[in-house]
K.L.:
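My questions all concern the structure below.
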Amino acid sequence: MSVNIRIKSHTFAPMKKKTIIIIATIMGISFLALLYLQLEYISEMANMKREQFDESVNRALNQASRNLELNETMRYLEKDVAESARRAMLNDSLGNRTNQPDAPMQKSHQFSVVGKDGTIYSSFELQTMGTKPSQLPRALILRSDNASLSEASKSMQEVIKNRYVYQRALLDEVVYTILYSASEKPLSERINFKLLDQDLKAELMNNGINIPYHFVVTTQDDREVYRCPDYTEEGVKNSYSQVLFRNDPQTKMGIVKVHFPDMNKYIFSSVRYMIPSVMFTLILLVTFLFTIAIIFRQKKYSEMKNDFINNMTHELKTPIASISLAAQMLNDQSVEKTPSMLQYLGKVTNDESKRLRLLVEKVLQMSMFDRKSVAVKKKEMDLNELVETQAEAFAFRVEHTGGRITTEIEAIDSTIYVDETHFPNAISNLLDNAVKYSKPNTPLNIHLRTWNDDKYVCFSITDNGLGIKKENQKKIFDQFYRVHTGNVHDVKGFGLGLAYVKNIVALNDGDIRLESEFGEGSTFTIRLPFIQES
C-alpha cells in the first residue's frame, strides 16, 4: 500500500503599492482625526475656563466696587454719628449752665421729641427751626396726638419703633451728605486705594482666582488717578474694567482696570494634562509616516533588486552560452578542427570569459561597498595622462559609431592622490555609459576636458547622447537604478556603474555632478584635490 503525499507550496506575493497607499491613507486620516479631536477638546476646555474666569473676575470687581461704596457710606455715617454726639454733649453742657430748656414747646400731630429736661419738641417745630434730628439729644421718640409723657412707658416695642425712626432720619441725612458733598470730591480723596487692593484680592480669592494681578484707577475721560506699585504692561490687552460710584454723575464716576500677567497659564493649566497626549499622538503620527516611507523605500529597493537579478541573468546568459557553444564545438568529433577554427574558438572563449569576469567583478565591487570593506590603495597619478590613456582606449568604439573622441587638457596642476585600480575604472565606466546610451544611427562625439579650479583639479566628460530626464537625474547615482526604457533591453547593464563611480570618487575625497538635457546629451564633472608641488 503506497501513500502519495502532495506538498503544496505557498508563495506570498508582495503587497501591491496601491494597497499600501490605501492602508497608509486610512491610518493617516485616523491619526489626523484623533489629533484634531484632541485639539478641539483642548480648545473647548480653554474657552470654558476662559468664560468661567471672565465671570469670576467680573463678579469680584462688581463686589469690590459695591464694597467701596459701602465703605464710603460707613465712613460718612461714623463721621456724622461722631459729630452728632459731639453736638449733643455741647448742647447738654450749655443747657446745664444756663438752666434753659433746649427749645420752646409746640404742639405736633406727627411725633414729638422729649429733651432731658422734659421739654417736648414736635417734628413741625423742628422743621421750622431748621434743626436736624441728629443735632438733638438721643432721647425717646414718642408718637402722641396730645404729647403726653405718660405714654413713654407703655411698651418696649414703642421704644424700638421710635428708635428706628430716629436712625432712619440719621441715615437719610448721611445719604444727603454723600450726594451733595462726597461726590464733589476727587477720586483720589474718595478712594482708599490700599483698601481697594485688599478688597480686590479678597473677592478674587473668594471666586477661586489666586494669581497675581495689576490694577489702575482712571476717570471717565481716561485720566489716570492711581496705579499699583508693581504695575506692568504684561497682559494689559486682556484687561477687565469696572465702574466705580456708578450712581454718581457720569463725570464723577471712576473706572478700575485689572489685568492678569499669568492669565493664559491659569486658563491652560486645566488642560495641561492633555499636552502629553497630543505629543504622543504626534510622535505616533511621525513614526507612522516614517514607517510608511521605509516601506516604500524597501519596496523600491526590492523592485530594483528584482530588475537587477533579471538584468544579471540576461547578462550572464550570453557569455555562458558562448563559452558552452565553443566547448561543444571542441568536443564535437564531426566538426573539423582547423587551426583557424581553434583560434576562433579560443578567442571567443577568452573574450567571453573576460566579459563574465568583469560582470562578476562589478557585483563583487558593489557588495564590498555595501559591507564598507573596500580597500583603497592610493598613489600619485597624473590626471592629464589618465584622461589621455582612457581616450585612446575608447577611441575605436567611438569611431565605430562614426563619431570621434576629443580631449582638452588645460589643467596645470594635475597630480592627484587616488586609488590606482578603482579610479581609472570609474572613468572607464563613465565613458562606457556614454557609448551605451548614444543615439542610434547618430555619430557619437565625446569631449574630455581637464582644468584647475582653486585648489581642485576638474575633469569632465561631455557627450551628445540620449541625455537624462530631470526626474531621473537625482536617482541616477542610486544603486541598481536604471533609467526605464520600456520593454526594450538593447542596453545591457546592472544599474551599478554610476553608483560605483560615485562611491569611488567619494572615497578619493572628490565629488561628482551631472548636467543633462534629455535628447541633447550629458556632462559628468569630477572635482578632486590636487597635490601642490613643493
K.L.:
Can you name the closest pair of heavy atoms from Ser522 and Gly467 and give their distance?
P.N.:
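Heavy atoms of Ser522 and Gly467 come nearest at OG-CA, 3.6 Å.
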K.L.:
Given the ring of Tyr266, does Lys49 sit roughly above its face, with NZ or CZ under 6.0 Å from the centre of the six-membered ring and within 45° of the axis?
P.N.:
yes
K.L.:
Say whether, by atom type as modelled, one donor and one acceptor occur between the side chain of Ser516 and the main chain of Gly521 under 3.5 angstrom.
P.N.:
yes
K.L.:
Residues in side-chain contact (heavy atoms from CB on, under 4.5 Å) with Asp221, at least two apart?
P.N.:
Thr219, Arg223
K.L.:
Using the side-chain contact (heavy atoms from CB on, under 4.5 Å) criterion, which residues pair with Ile292? Sequence neighbours excluded.
P.N.:
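Only Ala24, Phe288, Ile295, Phe296 meet the side-chain contact (heavy atoms from CB on, under 4.5 Å) criterion with Ile292.
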K.L.:
Please check if any side-chain donor atom of Asp54 sits under 3.5 Å from a side-chain acceptor atom of Tyr240, or the reverse.
P.N.:
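There is such a pair between these side chains.
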K.L.:
For the residue pair Asn62 and Arg246, confirm or rule out a side-chain donor-acceptor distance under 3.5 Å.
P.N.:
yes
K.L.:
Go through the side-chain N and O atoms of Gln63 and Asp199 and say whether any donor and acceptor fall under 3.5 Å apart.
P.N.:
no
K.L.:
Within the distance-only criterion (no hydrogens, no angle test), does the side chain of His259 pair as donor or acceptor with the backbone N or O of Tyr213 below 3.5 angstrom?
P.N.:
no
K.L.:
Who passes side-chain contact (heavy atoms from CB on, under 4.5 Å) against Lys265, sequence neighbours left out?
P.N.:
Asp262
K.L.:
Please report the interatomic distance CE(Met253) to OG(Ser65), rounded to the nearest 0.5 Å.
P.N.:
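So the gap between those two atoms works out to 10.0 Å.
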K.L.:
Provide the full list of salt bridge (charged side-chain N to carboxylate O under 4.0 Å, His left out) pairs with a residue in residues 516-527, sequence neighbours left out, each pair given once.
P.N.:
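As it turns out, the salt bridge (charged side-chain N to carboxylate O under 4.0 Å, His left out) pairs with a partner in residues 516-527, which skip direct neighbours, are Asp511-Arg527.
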K.L.:
Walk me through whether Leu244 and Leu187 qualify under side chain to side chain contact (heavy atoms under 4.5 Å, CB included).
P.N.:
CA-CA 9 Å; Leu244 303 177; Leu187 291 174; 5.7 Å; no
K.L.:
Is Asn452 reaching over with its side chain to a backbone N or O of Ile412, donor-acceptor style, under 3.5 angstrom?
P.N.:
yes
K.L.:
Cationic tip of Lys469 within the cone over Phe518's six-membered ring, i.e. under 6.0 Å and within 45° of the normal?
P.N.:
yes
K.L.:
Measuring only between side-chain heavy atoms, which start at C-beta, is Asn508 closer than 4.5 Å to Lys378?
P.N.:
yes
K.L.:
Less than 3.5 Å apart, any donor N or O on the side chain of Glu51 or Asn47 sitting next to an acceptor on the other?
P.N.:
no
K.L.:
What are the two closest non-hydrogen atoms of Asn207 and Ser56, and how far apart are they?
P.N.:
O-OG, 3.6 Å
K.L.:
Name all pairs fulfilling the side chain to side chain donor-acceptor pair (under 3.5 Å) condition that reach into residues 278-297, sequence neighbours left out, sorted by first residue then second.
P.N.:
Gln38-Thr281
K.L.:
If every non-hydrogen atom of Gly510 is compared with every non-hydrogen atom of Leu528, which pair is closest and at what distance?
P.N.:
CA-CD2, 3.6 Å
K.L.:
Heavy-atom distance under 4.5 Å between the side chains of Leu196 and Val217, does that happen here?
P.N.:
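With C-beta onward as the side chain, the pair touches.
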K.L.:
On a heavy-atom basis, which atom in Val216 and which in Tyr226 lie closest, and how many Å separate them?
P.N.:
CG2-O, 3.0 Å
K.L.:
Whether Arg50 engages the ring of Phe53 as a cation-pi pair (distance to the six-membered ring centre under 6.0 angstrom, angle to the ring normal within 45°) should be assessed.
P.N.:
no
K.L.:
Could you tell me which residues satisfy salt bridge (Lys or Arg N to Asp or Glu O under 4.0 Å) with Asp453, sequence neighbours excluded, listed by chain and number?
P.N.:
none
K.L.:
What about the rings of Phe215 and Tyr231, do their centers lie closer together than 6.0 Å?
P.N.:
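Not under 6.0 Å, so no.
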K.L.:
Do Arg513 and Phe524 form a cation-pi contact, if we require the NZ or CZ to be under 6.0 Å from the six-membered ring centre and within 45 degrees of the ring's axis?
P.N.:
no
K.L.:
Just wondering, more than 12 heavy atoms not from Arg59 lying within 6.0 Å of its CZ?
P.N.:
yes
K.L.:
For a quick test of reading the model, state the closest non-hydrogen atom pair linking Gln242 to Asn58 and the distance between them.
P.N.:
OE1-O, 4.5 Å
K.L.:
Is there a side-chain contact between Ile526 and Leu430 in this structure, where contact means two heavy atoms from C-beta onward sitting under 4.5 Å apart?
P.N.:
yes
K.L.:
Going by atom types alone, do Ser460 and Thr525 pair a side-chain donor with an acceptor below 3.5 Å?
P.N.:
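On atom types as modelled, these side chains do not qualify, holding no pair under 3.5 Å.
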K.L.:
If I compare all heavy atoms of Pro261 with all of Pro212, which pair ends up nearest, and what's the gap?
P.N.:
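Taking Pro261 first and Pro212 second, the nearest heavy atoms are CD-O, 3.6 Å.
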